[in-house]
Number of protein chains: 2
Amino acid sequence: MQNTKPRVSKATISRIPLYYRAVVQLQQEGVARIRSERLSEIIHIPSATIRRDFSSFGELGKSGYGYSIATLVEEFGQLLDVDSSEAIILVGVGGLGRALLMNNFRRNPDLNIVMAFDADPDKVNTRIGGIPVYPFATLAAHMNPNIHTAILAVPSSAQTGVIGTLEAFGINAIMTFAPQPVACAPQTTIRYIDLTSELQTLLYTAHQKMKVR
Amino acid sequence: MQNTKPRVSKATISRIPLYYRAVVQLQQEGVARIRSERLSEIIHIPSATIRRDFSSFGELGKSGYGYSIATLVEEFGQLLDVDSSEAIILVGVGGLGRALLMNNFRRNPDLNIVMAFDADPDKVNTRIGGIPVYPFATLAAHMNPNIHTAILAVPSSAQTGVIGTLEAFGINAIMTFAPQPVACAPQTTIRYIDLTSELQTLLYTAHQKMKVR
DNA sequence: CTGACCTTGTGAACGCTTACACAGAATTCA
DNA sequence: TGAATTCTGTGTAAGCGTTCACAAGGTCAG
């Protein structure tokens with residue numbers, strides 16, 4: 001089974017969270033059904049793309065009717081596994097780490113940062129936003145086998161070492177804010193959030209737009 | 001003024017910051033030249049992609065030699081306009097806004113948050129990380145025509161209104177952390193950083209990877 | 001200076017994603 | 001019930017981006 005073709009394309013996967021958020025919002029507003037054309041206006045994704053995406057999960061809609069909001073919420077909820085709560089650890093309690101702890105994905109009850117770690121003795125053995133902060137050296141003592149997700153807000157220089165340690169403790173999904181690329185084990189998935197690059201790309205794009213005018 | 005033929009693809013543009021960061025780093029290490037194959041190992045982008053990207057800015061390299069680091073630093077620096085400092089304002093001084101102020105893209109001297117705004121009276125008329133924080137209502141008094149970039153860390157509900165106001169004062173490049181899509185003027189470029197979606201996509205991908213094994 | 005050796009730049013093929021357009025299925029309404 | 005209307009799902013094509021593979025041209029040792 002070398003070439004297991006993914007059932008759903010990467011581009012579609014990256015849109016599932018947007019779809020989920022939108023249909024939950026609509027459900028809260030009491031909307032019962034929606035057309036792809038109308039949804040397109042709300043989330044700014046072409047209706048043809050929406051229909052093609054939805055159809056890759058089965059025939060969710062009905063001709064001449066549209067999609068039932070309840071069906072969509074159910075379907076995308078299952079895809080994102082929102083019913084089983086995800087326990088997440090955070091490493092690095094600087095300014096950004098602190099902000100993430102205070103916020104803690106409050107809008108999404110299934111996403112929970114359950115504890116945080118930092119190497120700085122001045123920052124540990126306290127609580128931030130109700131979440132305990134432990135010394136990074138005590139990771140082994142606090143880890144448990146149900147945790148396999150981490151968010152990293154550590155300096156670039158520390159990142160490689162931290163990721164190696166986390167992998168050793170069973171973490172296989174990592175979201176990090178340090179752009180330093182790291183070679184990781186094949187079962188590990190890393191998502192890099194590079195704010196400086198995003199900003200520079202934005203500025204380049206905006207600048208080009210000015211020139212064309 | 002019809003602009004020149006070789007248009008740079010969006011995918012290439014999004015990699016310019018990575019290239020720039022890498023070559024500056026190499027320059028600081030005293031490296032004078034580099035092959036695409038070696039650069040590929042450092043930034044984890046295929047060498048063929050690197051060569052094609054570079055060639056879209058002209059013939060930067062030499063056969064049998066590679067690329068001169070100095071040439072690359074110069075070229076990408078110009079593309080990103082690192083010589084002219086970019087004045088940025090920040091709106092929303094919650095946990096995330098505060099973290100951004102403390103950090104303020106310190107590694108990139110050309111990127112400067114010069115002031116911040118918030119609607120909450122308790123948060124204004126102070127300094128965070130050396131940057132002054134003003135009431136959002138006084139935006140008009142503090143804006144100047146050289147500023148056309150903003151970072152938004154405000155609640156989703158406030159976003160549409162804030163963006164409208166910013167556009168009226170000449171802002172045309174916006175990076176925002178609220179996923180709520182906003183209809184904006186054609187000359188405005190908005191970049192959405194959606195941390196919840198990123199995390200959910202990561203979890204979905206990691207979960208799929210487990211299933212395949 | 002010469003020849004062996006490198007490495008770029010790029011034509012061409014490929015694969016992924018989006019966009020178009022419409023047959024056909026389901027709904028709605030009289 | 002039947003006809004007009006609505007809207008999905010998808011065949012097909014077009015667009016974009018990546019990867020392969022190699023000719024052309026520069027490098028460098030001797």
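Chain letters run A, B, ... following the sequence lines, proteins first and then strands; every chain starts at 1. Owing to the predicted nature of the structure, the values given are computational and were not obtained by experimental measurement.
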**Request:** Indicate whether OP1 or OP2 belonging to D:dT6 is found under 4.0 Å from a side-chain N or O atom of A:Arg33.
**Result:** no
**Asked** Is it the case that A:Thr160 and A:Gln180 place a side-chain donor and acceptor less than 3.5 Å from each other?
**Response** no
**Item:** d(CD, B:Glu37; C1', D:dT19) in whole Å
**Value:** 13 Å
**Message:** Under 4.0 Å, heavy atoms only, any strand: does B:Ser36 hit a base, just the sugar-phosphate, or nothing?
**Reply:** sugar-phosphate
**Item:** Length of the OH-P vector between B:Tyr67 and C:dC6, whole Å
**Value:** 18 Å
**Prompt:** Does A:Met102 CE have over 12 foreign heavy atoms under 6.0 Å away?
**Reply:** no
**Message:** Nearest to the side chain of B:Arg15, heavy atoms from C-beta on, is which of D:dT18, D:dG26, C:dT8?
**Reply:** D:dT18
**Item:** B:Phe54 ring center near B:Tyr19 ring center (under 6.0 Å)
**Value:** yes
**Asked** Side-chain contact, heavy-atom cut-off 4.5 Å: A:Glu86 with A:Thr149?
**Response** yes
**Message:** Taking only side-chain N and O atoms of B:Ser63, does any of them lie within less than 4.0 angstrom of OP1 or OP2 on D:dA24?
**Reply:** no
**Short side-chain N/O contact to D:dG9 OP1/OP2 from A:Tyr65, under 4.0 Å** = no
**Fill in**
A:Lys62 NZ to C:dA25 C1', in whole Å, measures 12 Å
**Message:** Can a side-chain donor-acceptor contact be found between A:Ser68 and A:Arg33 if the only test is distance below 3.5 angstrom?
**Reply:** no
**Prompt:** Atom CZ of B:Arg35 to atom P of D:dC28: distance rounded to whole Å?
**Reply:** 13 Å
**Complete:** Whole-Å distance, B:Leu72 CG to C:dT7 C1', equals 14 Å
**Asked** Tell me, which of residues 44-60 of chain A have any heavy atom that sits under 4.0 Å from an atom in DNA chain C?
**Response** A:Pro46, A:Thr49, A:Arg51, A:Arg52
**B:Ile16 CD1 - D:dG17 C1' separation (whole Å)** = 15 Å
**Asked** Regarding A:Ser85 and A:Asp110, is there a side-chain donor-to-acceptor distance under 3.5 Å anywhere?
**Response** no
**Fill in**
residues 187-208 of chain A vs salt bridge (charged side-chain N to carboxylate O under 4.0 Å, His left out), sequence neighbours excluded, gives A:Arg191-B:Glu198, A:Asp194-B:Arg21, A:Glu198-B:Arg191
**Request:** Take the protein atom CZ of A:Arg38 and the nucleotide atom P of D:dT6, then report the distance between them rounded to whole Å.
**Result:** 17 Å
